[in-house]
There are 2 protein chains.
Amino acid sequence: MSVGIRHDDLRRRNRAMVISAVRRASQPSRTEIAATTGLSHSTISTISSDLIAEGILAEAKSNEPVSMKRGRPQVALTLEPRAASVVAVVLSLNSLSAAIIDYAGNTVVEETTRLVTEHMSGEALTDECVAMIRRLTESDDAAGGTVLRIAMAVQGITDAASRKLLWSPITRHDDIPFADRLEQEFGVPVTVENDCNMIAEALRWRDPSRYRDDFIAILLSHGIGMGLVIKGELFTGTQSSGAEFGHMIHRPDGALCRCGRRGCIEAYAGNYAIWRNARLGDENAEPLADLSDDDIRSLADAARDHDGPEREAFRKAGEAIGFGLGSMFALFDPAPLAFVGVGATAFDLMEPHVRAAIAKTAGGLHSKAISFDTEPNEVPLKREGAMMRALLHVDQEIFAAGSAPRRADADVA
Amino acid sequence: MSVGIRHDDLRRRNRAMVISAVRRASQPSRTEIAATTGLSHSTISTISSDLIAEGILAEAKSNEPVSMKRGRPQVALTLEPRAASVVAVVLSLNSLSAAIIDYAGNTVVEETTRLVTEHMSGEALTDECVAMIRRLTESDDAAGGTVLRIAMAVQGITDAASRKLLWSPITRHDDIPFADRLEQEFGVPVTVENDCNMIAEALRWRDPSRYRDDFIAILLSHGIGMGLVIKGELFTGTQSSGAEFGHMIHRPDGALCRCGRRGCIEAYAGNYAIWRNARLGDENAEPLADLSDDDIRSLADAARDHDGPEREAFRKAGEAIGFGLGSMFALFDPAPLAFVGVGATAFDLMEPHVRAAIAKTAGGLHSKAISFDTEPNEVPLKREGAMMRALLHVDQEIFAAGSAPRRADADVA
DNA sequence: CAGTATTTTTTCGAGGCTCGAAAAAAAGAG
DNA sequence: CTCTTTTTTTCGAGCCTCGAAAAAATACTG
């Protein structure tokens, strides 16, 4: 049962609200914050002056947009960049990247490397992460606030506690405890989360008007991933990161999936599946290990150019996605969709079939009204999502709790 | 954005916690409540004496279980039955029932009627509900607390705000605004919710050790319904009651479903589908309108007796359910299951096929560990669920807020 | 049977938090 | 230079929860 509310929780929650209001709005004044939170002006005044004294917020002195209004001008509040920093790590098939980000969300340093993840053990992968983070934190550019949190976005299934990678297509090894090792190395809390969930988180911040309480991000790539936001919350499994759209069953005992099972949506709509259908015409052929983005683009060009197996392969992919979405919509009603990744460049070939399939399902009543959007480049989204996760945690768990000031140089102000 | 916490919210929430602790535990003492809520003894003491003064709680004087312990004996707190009452209405195919329930959860009066819902308009159905509730509230037995809330459990899809029945198999009419009409008639808040969601709510109270944070109730009846609890919350759609397991797609463009579409799980596992497969062997035959429970039982007997079309029909049903569950488990991991309704009496015929299908899906790793339970009689569950919904609302929204005492005779104590 | 030990419940003052009202601050308008 | 308007801060009042101590109610002990 959830625990009672103590008196000091109250302050903590209201501090959290103020911080979150500042992060969300561009540069709100105290008055605006009072309006959005519903708290009184006096409370907001007290809390924000505390936060400024602690070096978490700052008054934006710089630009004068010349209010042109009578009365005392509003003072815009901002996040103090030096209040803290976080590290966002993105680990994907054959690629690792990391960045240090300041408290205001600006990237301070970053690095990206190619590595052959398929042939690496869990330990080797962790070592690479440790080494890269260490290079970044020790680089000269990494001045500013102390690192208070590290967030990883990885391809694959993570556990519900965000501590380890349970299974991933990028390596043959299971149960890689990234969080434990990284916490040990760097002495700050670490989370490991599924990359598609991070994509969803990022979309929320990129375009809050479109992606707010309910939406679906689908990653069309070698495999098929999904990040799901329902009722304003990231939807995860009870034990794992969940939302494995790609492994919902499209056709019982159907095409051979990379996961070894049969009939998964991914076995029709993953890059390898589209290539297999177009080039081999054999649903049971062993999935290819890797496939370049160009391979997919040329399949798409061929499909656009003339009728043939390529076009049919994209049709099957669209159909699988559409029926899968229809099944999901039976559970929680239709929601706006974002298709992310290379596959999004070929989405024009799939869209009519996606819609046609949805129309045959319970969600079909509104099939035409469902909004589709595409974003070919998933890499920045993954990083932004991991960054936001880390920053929000600092906001809510560390700074909202108060106590000591965190800024490296709190006495400057 | 969610609103800040004011000072009086604090009291309201903590009052809510105390009430909920009393409703949950059998007869907790103040000390136990302090332990479960984490609040201090003094706070619990203040709040509970307030609640007693307001006639919401009472000290259980009666039975002495002879604590056999040294020290001042604990005083058990109970819900004061006369603090309020609620009405629970259950509307199903050709059947309407309602009951008045006191604040402690005891049924005061009840009534059940058969009616031919299929041929009734929305207005006629509402009229029947109004008439039955009026009979109950005006009956002599209905002494006790004032009715503070009415909760309906209906077969079909309701809207997310729990105000109307959007679509139902029990009538050909759509969009029936039960809540508006009943509120107008009786002057108390009314909710209309999907019956399977109420079944899930009821299971939580019947067996909290088994069904708590994550579980699935599946109603095997003429159609297939589901009530889903994830992370301690009833899972509903964003616009509708959602969780329409029966209309997830099992086989694209497959068997003809009662809903007019093709390949839904229900079109393989609903009573009509099992009967159709067993007796007609034609998946495209128009679904029968009604089918008695005995029809299903005799199909099950035949299937147990010898191999043949009956056994095959149950196999197909089990397979459809299993693949459907597998797809769901890809989204949120496996959870304990309760199979409710007539179909549960034939579940022995389906279980191996359900498990075999799950084993072929992403949830399959733990397929043997997933617990199945059956409960043939869904009717009391629906009523209990509606009752609990109504009572919890009174707890949380009305009594937690405080202000005036609600008891009919608050000065008796 | 009286006194002691033990456990539960209540009482009471202290400390925090938010709120409303009023004051102070900071501009533009005339 | 004064008035008006709007934002922000200050200050006392009113709640709420907490810890400690007191009160209450029972079993144990000799």
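Naming: A, B, ... by sequence-line order, numbering from 1 per chain.
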Discussion item. Using a strict threshold of under 4.0 Å (side-chain N to carboxylate O), is an ion pair present between R11(B) and D8(B)?
Written reply: no

Worksheet item: Reckon S42(A) touches a base, only the sugar-phosphate, or nothing at all at heavy-atom distances under 4.0 Å?
Response: base

Worksheet, complete the sentence: Here the distance between atom C1' of dT18(C) and atom CG of D8(B), to the nearest Å, is 9 Å

Worksheet entry | Distance in angstrom units between M17(A) CE and dT18(C) C1', rounded | 15 Å

Item to complete: Report the distance from atom CD1 of I44(A) to atom P of dC19(C), rounded to the nearest whole Å.
Response: 8 Å

Discussion item. Using a 4.0 Å heavy-atom cut-off, does T31(A) contact any base of the nucleic acid, only the sugar-phosphate backbone, or nothing at all?
Written reply: sugar-phosphate

Worksheet item: N14(B) side chain N/O closer than 4.0 Å to the phosphate oxygens (OP1, OP2) of dC16(D)?
Response: no

Discussion item. Measure CG/L77(B) against C1'/dT8(C) and give the value in whole Å, please.
Written reply: 12 Å

Discussion item. Side chains of R389(A) and T191(A), heavy atoms from C-beta outward: is any pair under 4.5 Å?
Written reply: no

Item to complete: Please round to the nearest 0.5 Å and tell me the distance separating atom CZ of R30(A) and atom OG of S49(A).
Response: 7.5 Å

Worksheet item: Has S40(B) got a side-chain N or O lying under 4.0 Å from the OP1 or OP2 atom of dT17(D)?
Response: no

Discussion item. What is the distance, to the nearest angstrom, from the NZ atom on K69(B) to the P atom on dT8(C)?
Written reply: 5 Å

Item to complete: Decide, yes or no, whether a salt bridge links K231(A) with E233(A) under the criterion of side-chain N to carboxylate O below 4.0 Å.
Response: no

Discussion item. Looking at R11(A), I'd like to know whether one of its side-chain N or O atoms comes within less than 4.0 Å of OP1 or OP2 on dT18(C).
Written reply: yes

Item to complete: Nearest-nucleotide wise, let me know which of T46(B) and T46(A) is further upstream toward the 5' end of DNA chain D.
Response: T46(A)

Fill in: Interatomic distance where CZ belongs to R72(A) and P belongs to dA23(C) [whole Å]
16 Å

Worksheet item: For I33(B) and dT9(C), what is the distance between atoms CD1 and P respectively, to the nearest whole Å?
Response: 9 Å

Item to complete: May I ask you to verify if any side-chain N or O of T43(A) is less than 4.0 angstrom from the OP1 or OP2 atom of dC19(C)?
Response: yes

Practice prompt. Let me know the distance between CG of D50(B) and P of dT10(C), rounded to the nearest Å.
Written response: 11 Å

Fill in: OP1 or OP2 of dA25(D) under 4.0 Å from side-chain N/O of R70(B)
no

